[in-house]
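A short write-up of the structure that comes next.
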Amino acid sequence: MNPDEGAPEQGPNPAPIPVTRPSLPPLEAFIPYLQSIWDNRQLTNGGPFSVQLEQALCRHLGVAHVSLFASGTTALMVALQSLDLSGEVVTTPYSFVASAHALLWCGLRPVFTDIDPLTFNLDPARIEGAITPNTTAIMPVHCYGHPCDVDAIADIARRHRLLVIYDSAHAFGVCHQGGSVLNHGDLSVLSFHATKVFSTFEGGAIVCHDLKTKRRIDALRNFGIVDELTLEGPGLNGKLNEVGAAFGLLQLKQVDAAIQRNRVIDARYRAGLGGVPGLRCPPATEGGNHAYFALRVGPEYPESRDHLHGRLHRHGILARRYFHPLLPDFPLYAKAVSGPLDAARQAADRVLCLPIYPDLPLVDVDRIIELIVDP
Ligand SMILES: *Cc1c(COP(=O)(O)O)cnc(C)c1O
């Protein structure tokens, strides 16, 4: 390419800005943990770092019991398996594919109902209409870390004798009504994937309320083995290894600072984009983790969401269309629909998640804001 052609005035194009990026501790800080693993030769199977991390997470999150997993998806699968569910589970069409996949892996039928257009979470008013004699559970997602209407969902579950499993993959550290949002429902499932606010490279966890349930979950996480002669059920291998657990202990020391930094970026976006006609910022959450900034691009904005998405990408801003396509728009899930999904469909067509992560410089946030304000 001719270097004179279309060369931006400020020099070479800056590196692309991803939608999220893990913040890493200094490598030197990780070496002593590795040394300890090399010394004791315990690489997995509930080694010392896994035990420490489960306890540290209970304290940090303010929950009773945590079981670590190799991924959020295996944690979801075991959570569903542990509850002995059958038939249908009412869930949201507006999520990452892993939520619905976990249901299929457990032989359960997802039944999608519409979301609330403001919070992007399952609309409790729609759940009841989707309940049939075959329904055994509700699996909502705290979308973008915004707490679901947990009281209304608990009330529906109580009246219809249903279990509630929260996909809390986005909700690490989120507080609601004075405590952890993870304390709601029968089980809550976290993801510690590299793209999430707290990460163990790959990983996840189930939060539960009592030790008996934890023991069952822990057995199912390890092939269902209780002891040499006893199986709890058809378990799988879902254990988090010691390197991941050690990394988690290190990450835990800086996760509050990371969330604090995300909060500053969130506020910057709100200040810059809040008044722009056609744009709607996500609902502000007091105890949120600000891991996502889900901007809704309405019809009054001069460009469609997809045009804005394309334009930002051409400027190296890798904003993402989470969650598009809608789950029932995959042929695999086309039949899982109960009733209209207008709000979910609109969200899938209009929401754009902007870059937000602790190391994102504010000058870049301002550049992104400028590009959006000035189409
Ligand atoms: C990330 C995510 C998962 C899956 O977690 P993994 O750790 O990647 O397996 C499940 N549900 C939602 C909503 C997610 O965002």
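These values consider heavy atoms only, across backbone and side chains, with no hydrogens, waters or symmetry-generated copies. Just so you know, ligand 1 is whichever comes first in the structure, and atom 1 is the first atom listed for that ligand.
- Between D329 and R345, at least one side-chain N (NZ, or NE/NH1/NH2) sits under 4.0 Å from a carboxylate O, which counts as a salt bridge.
- The protein heavy-atom contact nearest to atom 9 (O) of ligand 1 is T73 OG1, 2.6 Å.
- In terms of protein heavy atoms, atom 8 (O) of ligand 1 is closest to H193 CB, 3.7 Å.
- Looking at atom 15 (O) of ligand 1, its nearest protein heavy atom turns out to be H170 NE2, 2.8 Å.
- Residue D167 has at least one heavy-atom neighbour below 4.0 Å for each of these atoms of ligand 1: 10 (C), 11 (N), 12 (C), 13 (C).
- At the shortest separation from atom 5 (O) of ligand 1 among protein heavy atoms lies S191 OG, 3.2 Å.
- Side-chain contact check for S71 versus F192: every heavy-atom pair is 4.5 Å or farther apart.
- A salt bridge links E54 with R221: the distance from a Lys NZ or Arg NE/NH1/NH2 to an Asp or Glu carboxylate oxygen falls below 4.0 Å.
- Contact atoms of ligand 1 toward S95: 13 (C) (distance under 4.0 Å to a heavy atom of the residue).
- A salt bridge links R159 with E128: at least one charged nitrogen is closer than 4.0 Å to a carboxylate oxygen.
- Counting the atoms of ligand 1 from 1 in the order shown, those under 4.0 Å from a heavy atom of K196 are 1 (C), 2 (C), 14 (C), 15 (O).
- The distance criterion of under 3.5 Å between nitrogen or oxygen atoms is not met by V141 with respect to ligand 1.
- Using a 4.5 Å cut-off on side-chain heavy atoms (C-beta onward), T92 and N121 make no contact.
- Atoms of ligand 1 lying under 4.0 Å from at least one heavy atom of G203, given by number and element, are 7 (O).
- Within the 4.0 Å heavy-atom cutoff, G204 does not count among the residues contacting ligand 1.
- By the 4.0 Å N-to-carboxylate-O rule, R321 lies too far from D349 to be salt-bridged with it.
- Ring pair H309/H313: centre-to-centre distance below 6.0 Å.
- The backbone N or O of T213 sits less than 3.5 Å from a side-chain atom of D210, completing a donor-acceptor pair.
- Protein heavy atom nearest atom 12 (C) of ligand 1, with residue, atom name and distance: A169 CB, 3.4 Å.
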